[in-house]
Amino acid sequence: MDRRALSADPADLARDLLGCVLVRVLGDGRTLAGRIVETEAYLGVADRACHSFAGRRTPRVEPMYAPGGTAYVYFTYGMHCCMNVVCGKPGEPVAVLLRGLEPLEGLDAMHAHRARAGRPILDDALCRGPGNLCKAFAIGLDLSGADMTRDARLWLARGSLTPAESRRVRATPRVGIGDAGAWTKRRLRFLLDGSPGVTRA
DNA sequence: ATGACGATTTACT
DNA sequence: GTAAATCGTCATA
């Protein structure tokens, strides 16, 4: 997807990214791909749940101020990374968090990335959840700030929902944000109801 | 330098 | 349902 498409308003883009494909090319040339089925929009300086709330501009969030199509990856809970697609007008620190994918290509590598002692992981669960998605795709802090309209390691491909799927799109409040006042209730999470890649309660 | 806190996940009672 | 894991980041000093 190009700069123009990725410069849309976050709530619009969060909805429109459903059905699009996240593509990752590993260092060894292997390709991973997944279809986006769950997203959240973060609306910038006015949004209490957003990292750039009140104009906050630290080294971590700096990529949010970059042009649409920039990746913003952050580390949290001492063990997980989450990735966003920066969007909006130039300099506007808004973004869309990727929360769930349906694995399409490179399942072997995803399994290898997610592997841990104990139980096997179902294909459907490989990229379910923002932390799991990043783990499966080997997306770390090194990719924060990457320009996904140019970078050979990570980009977005256009995709669509079938008419039947479009009818299954839902909007709900965002997950995991603390008390963000009125922003807590805003329906800025978008998901394809029924998809195995969507997080459950 | 220090302390509190996560846009989470998993395991266990 | 509850709790633990685990550390980069940032505000405070």
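Just so it is clear: chains get the letters A, B, ... in the order the sequence lines come, proteins before strands, and each one is counted from 1.
If you check dT9(B), dG6(B), dG8(C) against the side chain of H80(A), the one that comes closest is dT9(B). Side-chain atoms of L141(A) lie closest to dG8(C) of the nucleotides dT6(C), dA7(B), dG8(C). Closest contact between the side chain of F75(A) and the listed nucleotides dA11(B), dG8(C), dA7(B) involves dG8(C).
If you check every strand for non-hydrogen atoms under 4.0 Å, R60(A) touches sugar and phosphate atoms only. In this structure, R114(A) reaches the sugar-phosphate backbone alone: every heavy-atom distance under 4.0 Å involves primed, P, OP1 or OP2 atoms, never a base. Within the 4.0 angstrom heavy-atom criterion, base atoms lie near N84(A).
Within the 4.0 Å cut-off from OP1 or OP2 of dA11(B), at least one side-chain nitrogen or oxygen of R116(A) is found.
A cation-pi arrangement is absent between R170(A) and F190(A), since the terminal nitrogen or guanidinium carbon is not both under 6.0 Å from the aromatic centre and inside a 45° cone about the axis. F75(A) does not carry R60(A) over the face of its six-membered ring by the limits of under 6.0 Å from the centre and within 45° of the normal.
Panel note: side chain R35(A), backbone L18(A); no donor-acceptor pair is recorded below 3.5 Å. Panel note: side chain D12(A), backbone A8(A); no donor-acceptor pair is recorded below 3.5 Å. One N or O on the side chain of T70(A) and one on the backbone of P67(A) form a donor-acceptor pair closer than 3.5 Å.
Between the side chain of Y74(A) and the base of dA7(B), a donor-acceptor pair under 3.5 Å is found.
In terms of heavy-atom proximity, S160(A) sits nearest to E165(A) at O-OE1, 4.4 Å.
Atom CG in L43(A) sits about 14 Å away from atom C1' in dA7(B), given to the nearest Å. In this structure, Y77(A) places its OH atom 10 Å from C1' of dT9(B), rounding to the nearest Å. Atom OH in Y72(A) sits roughly 9 Å away from atom C1' in dA7(B) (whole-Å rounding). Distance CZ (R189(A)) to P (dT8(B)): 11 Å, rounded to an integer number of Å.
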Using a cut-off of under 3.5 Å, enumerate the N/O to N/O pairs linking the protein to nucleotides 11-13 of chain C.
unit_1, atom_1, unit_2, atom_2, d
dA11(C), OP1, R56(A), NE, 3.3

Determine which bases of DNA chain B form Watson-Crick or G-U wobble pairs with both distances under 3.5 Å, and write the result as a 5' to 3' dot-bracket string with | for other-strand partners.
||||||.|||||.

Under the side chain to side chain donor-acceptor pair (under 3.5 Å) criterion, do N84(A) and H51(A) qualify, and how do the steps go?
CA-CA 11 Å; N84(A) 297 259; H51(A) 290 168; over 6 Å; no

